[in-house]
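Quick notes on the structure that follows.
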Amino acid sequence: MPEMPETPETPGMPETPGMPETPEEIILTGYRPTGRMHLGHWFGNLQNMLALQHDFDETYYFVADWHALTSDWADPGRLIEHTEDMVLDWCAAGIDPEKSTIYRQSDIPQIAELNIYFALVTPMGWLERVPTYKEQRDNIQDKDLGNVGFFQYPMLQGADIAIMRATQVPVGEDQLPHLEVGREIVRRFNYTYGEVVKDGKGKGEDLVVGPLVEPQALIAGAGARVPGLDGRKMSKSYDNALFISDDEETLRHKAMGCITDPARKLKTDPGDPDICPLHQIHRLVGDAAVIAEFDECCRKASCGCVAHKRKFADDIVAYLAPFRARRGELAGLSGYAKEVLAAGAAKARPKAEETIRLCRDAMNITL
Ligand code: TRP
């Protein structure tokens with residue numbers, strides 16, 4: 001693992017004491033380690049993470065194990081296993097630990113300190129009003145979500161982001177309310193503890209300059225939604241997922257069970273590829289010319305769904321083969337995931353420490 005310079009520098013930008021660095025784009029996102037990744041994650045998140053790693057110099061990808069604990073606190077038994085699985089999935093998919101900083105939330109205790117400062121400036125009402133909060137408390141019956149940890153989930157998420165002074169946060173739409181609360185908390189923190197700087201442009205508006213950066217959401221492109229084998233959204237809890245680490249036999253078996261256009265009962269009935277989950281998943285992994293042929297023969301009822309499923313099975317197996325091989329290699333290197341996480345934490349920590357120093361200075365609690 002490469003060494004990171006002590007303080008990440010912005011070329012050509014002079015450092016002003018007590019002020020944040022002039023923001024270059026800093027990308028940060030995290031996921032809760034809740035189990036194996038499926039094609040929905042692969043197309044919805046991982047491909048986006050890969051593209052961002054390629055396009056930006058500073059990318060932080062972290063495993064949000066504390067967030068997983070806010071709901072699974074009573075049963076943390078498989079957290080480490082899931083954390084390591086996630087790191088292996090990321091690395092085998094091409095997230096490069098030399099380019100992106102891959103770390104585990106709980107290895108950066110500064111996040112917890114920032115969370116304490118955030119708790120000072122966050123009115124409880126802001127957290128009570130987050131739509132996912134009430135929704136999940138009402139809907140999830142098998143876990144006790146009446147704890148403070150789950151209540152402050154979005155605030156902790158804000159601390160994850162602010163600690164690295166991230167400017168862009170790639171997330172799904174479901175995360176937007178969390179991000180918005182995080183932005184408000186940052187604004188309130190900066191307003192409370194920052195300095196008022198007279199507007200130099202003569203517009204008469206004073207600027208509040210605080211140590212923290214307000215992040216922007218980066219919504220992944222449309223088309224990232226992957227249907228499951230039963231046509232609903234792909235999800236582990238619906239039992240309709242193709243996992244990226246499924247072995248060949250499992251993939252083939254699942255592919256043959258994929259539902260097709262429900263209105264096409266007989267091979268002689270014409271079908272509609274646009275509402276057929278098989279076509280939609282196949283489009284993501286198959287050759288365009290082959291898909292076009294299946295589209296046409298489905299509409300004309302000149303081929304059957306079973307033949308299509310067989311071809312899809314071949315294609316999904318072939319598509320995931322390089323990933324599976326790479327994942328097998330990495331899993332065979334003893335301690336690989338732990339090493340990646342240790343190196344990532346060592347890279348991330350100096351920046352987190354710097355943010356905390358800036359916050360303590362702003363709050364006047366530095367001795
Ligand atoms: N809430 C996110 C999820 O459920 C995980 C998360 C935690 C996160 N902290 C974050 C995402 C910071 C982006 C930035 O997937």
Side-chain angles (χ1 to χ4, degrees), residues 28-46 48 61-83 85-86 104-106 111-112 114-116 118-119 121-163 169-186 188 215 217-220 224-228 230-241 243:
L28 174 143
T29 195
Y31 291 96
R32 282 166 301 145
T34 50
R36 293 193 298 152
M37 299 188 88
H38 54 60
L39 274 194
H41 303 123
W42 176 268
F43 287 108
N45 312 327
L46 254 174
N48 198 30
Y61 297 140
F62 76 97
V63 182
D65 58 340
W66 278 338
H67 275 103
L69 279 173
T70 64
S71 51
D72 293 339
W73 54 271
D75 184 21
R78 298 184 69 187
L79 199 58
I80 299 274
E81 181 193 331
H82 288 163
T83 298
D85 272 345
M86 188 167 230
R104 183 173 69 150
Q105 188 181 29
S106 60
I111 296 169
L114 188 56
N115 191 60
I116 288 181
F118 277 8
V121 298
T122 305
M124 290 200 273
W126 288 6
L127 298 174
E128 278 157 2
R129 277 196 296 275
V130 174
T132 45
Y133 178 62
K134 248 191 80 51
E135 215 173 274
Q136 299 205 26
R137 262 198 80 173
D138 292 347
N139 291 336
I140 297 178
Q141 304 296 338
D142 57 335
K143 293 170 191 170
D144 178 356
L145 301 181
N147 53 334
V148 175
F150 185 71
F151 177 66
Q152 59 160 22
Y153 183 115
M155 186 171 80
L156 179 61
Q157 183 161 346
D160 293 331
I161 300 167
I163 199 79
V169 184
V171 284
E173 269 181 42
D174 57 319
Q175 294 294 314
L176 285 181
H178 292 170
L179 221 71
E180 195 46 46
V181 175
R183 285 161 55 83
E184 278 173 32
I185 295 171
V186 163
R188 194 148 197 241
L218 247 187
I219 299 291
R225 193 154 294 201
V226 183
D230 60 359
R232 293 186 289 172
K233 183 182 176 208
M234 188 174 284
S235 161
K236 187 171 87 169
S237 45
Y238 291 160
D239 199 19
N240 65 0
F243 293 99

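The residues of the chain are indexed from 1 along the displayed sequence.
Taking the salt bridge (Lys or Arg N to Asp or Glu O under 4.0 Å) definition, one finds that Asp138 meets it with Lys134, sequence neighbours left out. Taking the side-chain contact (heavy atoms from CB on, under 4.5 Å) definition, one finds that Gln136 meets it with Thr132, Ile140, Leu145, Phe150, sequence neighbours left out. Arg129 pairs by the side-chain contact (heavy atoms from CB on, under 4.5 Å) definition with Trp126, not counting sequence neighbours. Take Asp144 and apply the salt bridge (Lys or Arg N to Asp or Glu O under 4.0 Å) test, not counting sequence neighbours, and it matches no residue. Checked against salt bridge (Lys or Arg N to Asp or Glu O under 4.0 Å), Lys143 has the following partners two or more places apart in sequence or in another chain: Asp72.
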After noting the C-alpha distance and the side-chain angles of Asp65 and Ser106, does the key distance pass the side-chain hydrogen bond (donor to acceptor under 3.5 Å, both in side chains) rule? CA-CA 7 Å; Asp65 58 340; Ser106 60; 2.5 Å; yes

Is there a side-chain contact (heavy atoms from CB on, under 4.5 Å) between Ile80 and Arg104 once you walk through the steps? CA-CA 10 Å; Ile80 299 274; Arg104 183 173 69 150; 3.8 Å; yes

How far apart are the C-alpha atoms of Thr29 and Tyr61, what are their side-chain angles, what is the distance that settles it, and do they pass the side-chain contact (heavy atoms from CB on, under 4.5 Å) test? CA-CA 5 Å; Thr29 195; Tyr61 297 140; 3.6 Å; yes

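Sorted by first and then second residue, the pairs that involve residues 29-38 and meet salt bridge (Lys or Arg N to Asp or Glu O under 4.0 Å), not counting sequence neighbours, are Arg36-Asp246.
Of the inter-residue distances, the one linking Met124 atom CE with Met155 atom CE reads 11.0 Å to the nearest 0.5 angstrom. Rounding to the nearest 0.5 angstrom, the gap separating the OH atom in Tyr31 from the CG atom in Asn45 is 3.0 Å. Residue Ile163 holds its CD1 atom at 8.0 Å from CZ of Phe118, rounded to the nearest 0.5 Å. The structure places CG of Leu179 at 6.5 Å from CD of Gln157, a figure rounded to the nearest 0.5 Å. Separation of atoms CG (Leu156) and CG (Leu127) is listed at 11.0 Å; rounding is to 0.5 Å. Atom CD in Gln152 sits 10.5 Å away from atom OH in Tyr133 (nearest 0.5 Å).
Between the side chain of Asn147 and the backbone N or O of Thr70 there is at least one donor-acceptor pair closer than 3.5 Å. At least one donor-acceptor pair under 3.5 Å links the side chain of His41 to the backbone N or O of His38.
Asn115 and Ala159 make their closest contact through N-CB, 4.0 Å (heavy atoms, listed as atom of the first residue, atom of the second, distance). Of all non-hydrogen atoms in Asn240 and Lys233, the two that sit nearest each other are ND2-O, 3.1 Å. The minimum heavy-atom distance between Pro33 and Val63, with the atom names listed, is CG-CG1, 3.6 Å. Across all non-hydrogen atoms, the minimal contact from Gly44 to Asn48 is O-CB, 4.4 Å. Residues Asp160 and Leu28 share a closest heavy-atom pair of O-CD1, 3.6 Å.
Other residues, nucleotides and ligands contribute at most 12 non-hydrogen atoms within 6.0 Å of the CG atom of Asp239. Within a 6.0 Å sphere centred on CD of Glu173, other residues, nucleotides and ligands contribute 12 heavy atoms or fewer.
No side-chain heavy atom of His82 sits under 4.5 Å from any side-chain heavy atom of Thr34. Under the 4.5 Å side-chain criterion, counting only non-hydrogen atoms from C-beta, Trp66 is in contact with Ile111.
For the side chain to side chain contact (heavy atoms under 4.5 Å, CB included) with Pro154, the qualifying choice from Glu180, Gln175, His178, His67 is His178, the only one to do so.
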